[in-house]
Amino acid sequence: GTDPGLPSFLRIGAHLAAQGLCPPAVLAQSGGLLLLEDLGGDTFATWLDLHPDQALHLYAVAVDVLIRLHACPPPDGLLPLVPTRAAGMI
């Protein structure tokens, strides 16, 4: 069957894109499966291990994204993350 989280995943991605952020692109969708854009294998930690001189820039960009995300309205239907809901996710 179709993953019940799939519509929510797509809705959040569309919301982030509408806010000018860059979620992974959905390249194809079929039968409850998605083919997503490959964002590469680098993480902050691995990138900074190889390029320590870029730490200030990388963290500045990350903070800019967090500021932008914080300023965005939440998407319709997003449930607040209260302690009991968070505990149920573990």
Side-chain angles (χ1 to χ4, degrees):
T2 300
D3 182 337
L6 187 60
S8 295
F9 179 85
L10 294 170
R11 188 170 49 84
I12 295 293
H15 177 74
L16 293 173
Q19 302 302 318
L21 299 168
C22 299
V26 176
L27 304 175
Q29 179 179 353
S30 177
L33 299 175
L34 299 177
L35 176 61
L36 297 177
E37 168 185 23
D38 183 0
L39 300 178
D42 289 325
T43 64
F44 266 50
T46 57
W47 185 263
L48 289 175
D49 282 345
L50 297 172
H51 309 281
D53 58 311
Q54 295 181 8
L56 183 59
H57 173 72
L58 190 61
Y59 281 108
V61 170
V63 168
D64 288 346
V65 169
L66 291 173
I67 290 169
R68 184 175 212 166
L69 187 58
H70 182 72
C72 295
D76 292 337
L78 185 67
L79 298 173
L81 185 60
V82 295
T84 53
R85 185 171 290 116
M89 295 175 161
I90 299 174

Below 3.5 Å, can you tabulate the donor-acceptor pairs from side chains in residues 57-86 to any protein atom, sequence neighbours excluded?
residue: Arg68; atom: NE; partner: Gln19; partner atom: O; Å: 3.3
residue: Arg85; atom: NH1; partner: Pro80; partner atom: O; Å: 2.2

(request) Among Ile, Leu, Val, Met, Phe, Trp and Tyr joined by side-chain contacts under 4.5 Å, find the other residues sharing a cluster with Leu33 and list them by chain and number. (result) none

(message) Other residues, nucleotides and ligands only: do more than 12 of their heavy atoms fall within 6.0 Å of CG on Leu50?
(response) yes

(message) Strictly by side-chain hydrogen bond (donor to acceptor under 3.5 Å, both in side chains), give each pair with a member in residues 32-49 just once, sequence neighbours left out.
(response) Thr43-Thr46, Trp47-Gln54

(request) Kindly determine whether Gln29 and Leu6 satisfy side-chain contact (heavy atoms from CB on, under 4.5 Å), including the steps that lead there. (result) CA-CA 10 Å; Gln29 179 179 353; Leu6 187 60; 4.2 Å; yes

(message) Using every non-hydrogen atom in the two residues, find where Pro24 and Leu39 come nearest and quote the distance to one decimal.
(response) CB-CD1, 4.0 Å

(request) Could you state whether Leu16 and Phe9 fall into the same hydrophobic cluster, counting links through intermediate Ile, Leu, Val, Met, Phe, Trp or Tyr residues with side-chain heavy atoms under 4.5 angstrom apart? (result) no

(request) Tell me who clusters with Leu35, hydrophobic residues only, linked when side chains sit under 4.5 Å apart either directly or through other members. (result) Leu27

